[in-house]
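Below is one structure, written out as structure tokens, with a few remarks after it.
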Amino acid sequence: AADDYDSLLSALDERGAELDHVLFVWPLHAGSETAPPDAQVRALLLLVRAIARSGRTIGLTVVTQGGIDATGMEDLDIAQAMAGGALQVIGQEYPQLSCRHIDVDAAQAAKPTLLAKRLREELSGAGAQVALRGVHRWLPETERFDEARPAAGPVLRQNGVYVVIGNTADGVGKTWVAGLSGVPGV
């Protein structure tokens with residue numbers, strides 16, 4: 001509950017403890033069938049709001065299992081992925097929080113002592129998002145989009161028939177229709 005996080009932060013203040021970083025690992029194991037899929041995200045948001053109310057500037061690391069598709073071979077967990085997605089927005093909405101997302105695989109989560117060591121090492125690492133798979137450390141990669149460069153791939157057929165499914169009155173659907181209708185011969 002929100003009061004629990006407020007009480008925790010107040011207790012730290014009373015003891016004169018300077019909070020530098022929060023490691024959010026609740027629940028670390030994926031596939032908890034007793035909790036609703038959004039329980040972890042709700043708990044995370046309650047924590048973030050309590051930190052924001054306290055006026056602190058701190059680091060927040062969320063640890064998930066099965067929340068990042070790094071190799072294409074993982075069993076992904078929707079609740080864990082939701083927490084990672086929420087963290088990306090939290091970092092934008094609350095600039096006083098320095099946010100990181102660390103995702104571990106099931107083999108690492110099954111060995112708590114080794115996982116604790118790996119997390120301790122990773123907390124001093126770089127990157128807003130990292131997936132730990134065995135001995136490997138995966139980071140996302142981005143590539144600059146050059147509008148001037150023609151896109152590779154299939155060319156639109158002249159007088160071809162194209163179907164755009166979805167909301168064509170707003171958003172991406174409208175953009176696609178406008179783009180297709182502006183191509184000569186399509």
Side-chain angles (χ1 to χ4, degrees), residues 4-35 37-144:
D4 295 335
Y5 290 125
D6 289 327
S7 297
L8 172 64
L9 295 173
S10 294
L12 290 171
D13 286 341
E14 290 170 10
R15 292 186 174 98
E18 291 254 348
L19 181 61
D20 296 319
H21 201 97
V22 173
L23 185 63
F24 186 84
V25 295
W26 178 86
L28 182 56
H29 65 88
S32 175
E33 285 130 31
T34 57
D38 64 345
Q40 184 178 16
V41 172
R42 288 177 183 264
L44 178 60
L45 291 175
L46 289 174
L47 170 64
V48 166
R49 289 178 185 140
I51 292 169
R53 282 192 298 274
S54 76
R56 288 177 165 83
T57 299
I58 64 168
L60 172 63
T61 299
V62 173
V63 181
T64 59
Q65 176 191 325
I68 295 176
D69 183 14
T71 67
M73 303 298 291
E74 298 94 345
D75 289 328
L76 299 177
D77 183 285
I78 185 101
Q80 303 289 313
M82 283 172 54
L87 187 66
Q88 288 180 345
V89 175
I90 288 167
Q92 295 171 26
E93 295 284 330
Y94 297 92
Q96 71 272 29
L97 295 178
S98 174
C99 298
R100 291 192 71 211
H101 180 195
I102 301 172
D103 190 69
V104 299
D105 63 14
Q108 289 169 316
K111 300 174 185 172
T113 305
L114 293 174
L115 177 59
K117 181 179 183 240
R118 188 86 189 264
L119 287 175
R120 188 173 55 247
E121 292 168 358
E122 188 56 47
L123 285 175
S124 62
Q129 185 183 69
V130 62
L132 303 176
R133 301 292 184 265
V135 297
H136 300 285
R137 183 176 186 268
W138 296 77
L139 297 169
E141 182 177 274
T142 58
E143 184 178 314
R144 183 172 173 78

* Any donor-acceptor pair under 3.5 Å linking the side chain of Glu74 with the backbone of Gly72? -> yes
* So do Leu45 and Ile90 actually touch side chain to side chain, heavy atoms under 4.5 Å? -> yes
* What are the two closest non-hydrogen atoms of Ile58 and Asp20, and how far apart are they? -> CB-O, 3.4 Å
* Asked: Can you check whether Asp77 reaches Asp75 side chain to side chain, under 4.5 Å on heavy atoms?
  -> no
* Heavy-atom neighbours of Arg42 CZ exceed 12 at 6.0 Å -> no
* Asked: Heavy-atom distance under 4.5 Å between the side chains of Arg137 and Leu132, does that happen here?
  -> yes
* Asked: Looking only at heavy atoms, which two atoms of Ala50 and Leu9 are closest? And how far apart?
  -> O-CD1, 3.5 Å
* Does the pair His101 and Gln88 meet the rule for a side chain to side chain contact (heavy atoms under 4.5 Å, CB included), with working shown? -> CA-CA 9 Å; His101 180 195; Gln88 288 180 345; over 6 Å; no
* Asked: Does atom CG of Leu123 have more than 12 heavy-atom neighbours, drawn from other residues, nucleotides or ligands, at distances under 6.0 Å?
  -> yes
* Under the side-chain hydrogen bond (donor to acceptor under 3.5 Å, both in side chains) rule, collect the residues that match up with Ser7, sequence neighbours excluded. => none
* Asked: How close do Ala83 and Leu44 get, heavy atom to heavy atom, and via which atoms?
  -> O-CD2, 4.0 Å
* Structure fact -> Rounding to 0.5 Å, atoms CG (Asp38) and CE (Met82) come to a distance of 5.0 Å
* Can you tell me which residue pairs pass the salt bridge (Lys or Arg N to Asp or Glu O under 4.0 Å) test with a partner in residues 100-114, sequence neighbours excluded? => Arg100-Glu122, Asp103-Arg133
* Asked: Looking at side-chain heavy atoms only, is the closest gap between Leu8 and Asp4 below 4.5 Å?
  -> no
* Go through Arg118 and Val104 one step at a time and tell me if the side chain to side chain contact (heavy atoms under 4.5 Å, CB included) criterion holds. => CA-CA 10 Å; Arg118 188 86 189 264; Val104 299; over 6 Å; no
* Interatomic spacing from CD in Gln92 to SG in Cys99 - rounded to 0.5 Å -> 9.5 Å
* Structure fact -> Smallest heavy-atom separation, Leu47 atom then Phe24 atom, equals CD2-CD1, 3.7 Å
* Structure fact -> To the nearest 0.5 Å, atom OH of Tyr94 lies from atom CD1 of Ile51 at 10.5 Å
* Closest heavy-atom contact between Ala70 and Ala131? -> CB-CB, 3.7 Å
* Donor-acceptor pair, side chain of Gln108 and main chain of Leu115, under 3.5 angstrom -> no
* Is there a donor-acceptor contact under 3.5 Å from the side chain of Arg56 to the main chain of Glu18? -> no
* To do: Have a look at Leu23 and tell me which of Val63, Leu60, Val62 forms a side chain to side chain contact (heavy atoms under 4.5 Å, CB included) with it.
  => Val63
* Structure fact -> Rounded to the nearest 0.5 Å, the CD atom of Gln65 sits from the CG atom of Leu76 at a distance of 11.0 Å
